[in-house]
Amino acid sequence: MRFPFYTRSRPTAALEACPFPLPSYDDDVLRFESRFECANLFRARRVGPYEYELELRWDYFTMKHTQWFYFRVSNTKAGPTYKFTIINLLKSGSLYNEGMKPLFYSEKNAKTKKLGLAQDGT
């Protein structure tokens, strides 16, 4: 089975450009986007129906360290729980180990509930 995956981010690339044909938005494959300022997603790979492995670009001017993540996800469906595993976030000590949760922004929640950034997830 061939899973589509996001392979690189170039801020100068046109957002409409895609290196391979995508299925329609009626499918269950998430769309990852990182071609905007400060985004650092390098690659996303689907490994299960609702599970994705993510690889981040290294922070500039470091010895291949990654301390944060920033990207956009679309084509989500209500109901399923999605699992994202960042495979190269290798820092041994992290505030996530202490209970910190990632920040999320939902355009739908912003319009309907007047909510901005919110901490959520596990």
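Note that the coordinates shown come from a computational prediction; the quantities given were computed from them, not determined experimentally.
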> Passes side chain to side chain contact (heavy atoms under 4.5 Å, CB included), Arg31 versus Val29? Steps please.
Replying inline: CA-CA 7 Å; Arg31 306 292 190 266; Val29 178; 3.6 Å; yes

> About how many Å separate CD of Glu51 and OG1 of Thr85, when rounded to the nearest 0.5 Å?
Replying inline: 5.0 Å

>> Do Ser34 and Arg57 make a side-chain contact, defined as non-hydrogen atoms from C-beta onward lying under 4.5 Å apart?
In response: yes

>> Ring-plane angle category for Tyr82 and Tyr52, please: parallel below 30°, perpendicular beyond 60°, tilted otherwise.
In response: tilted

>> Which residues pass the side chain to side chain contact (heavy atoms under 4.5 Å, CB included) test with Lys113, not counting sequence neighbours?
In response: Asn109, Leu115

>> As an exercise, state the distance from OG1 of Thr76 to OH of Tyr50, rounded to the nearest 0.5 Å.
In response: 11.5 Å

> For Asp59, what residues pass the side chain to side chain donor-acceptor pair (under 3.5 Å) criterion, not counting sequence neighbours?
Replying inline: Trp68

> Are Phe84 and Val73 side-chain neighbours, meaning at least one heavy-atom pair lies under 4.5 Å?
Replying inline: yes

> side chain to side chain contact (heavy atoms under 4.5 Å, CB included) with Phe69: which residues, sequence neighbours excluded?
Replying inline: Asn40, Leu56, Phe71, Ile86, Leu89, Tyr96, Pro102

> Can you list the residues that meet the ring pair (Phe, Tyr, Trp, His ring centres under 6.0 Å) rule with Tyr70, with sequence neighbours excluded?
Replying inline: Phe36

>> Starting from Trp58 and following side-chain heavy-atom contacts under 4.5 Å between hydrophobic residues (I, L, V, M, F, W, Y), which residues can be reached?
In response: none

>> Apply the hydrophobic cluster definition, ILVMFWY joined by side-chain contacts under 4.5 Å directly or through others, and give me every member besides Phe104.
In response: none

> Taking side chain as C-beta onward, heavy atoms only, is Phe32 less than 4.5 Å from Asn75?
Replying inline: no

> Taking only residues two or more places apart in sequence, or in another chain, which ones meet Pro49 in a side chain to side chain contact (heavy atoms under 4.5 Å, CB included)?
Replying inline: Arg46

> Taking NZ, NE, NH1 and NH2 as the nitrogens, is one of them in Glu55 or Arg43 under 4.0 Å from a carboxylate oxygen of the other?
Replying inline: yes

> Do the non-hydrogen side-chain atoms of Leu41 and Leu54 ever get within less than 4.5 Å of each other?
Replying inline: yes

>> Checking Gln119 now: which residues fulfil side chain to side chain contact (heavy atoms under 4.5 Å, CB included) with it, not counting sequence neighbours?
In response: Met100, Lys101, Leu103

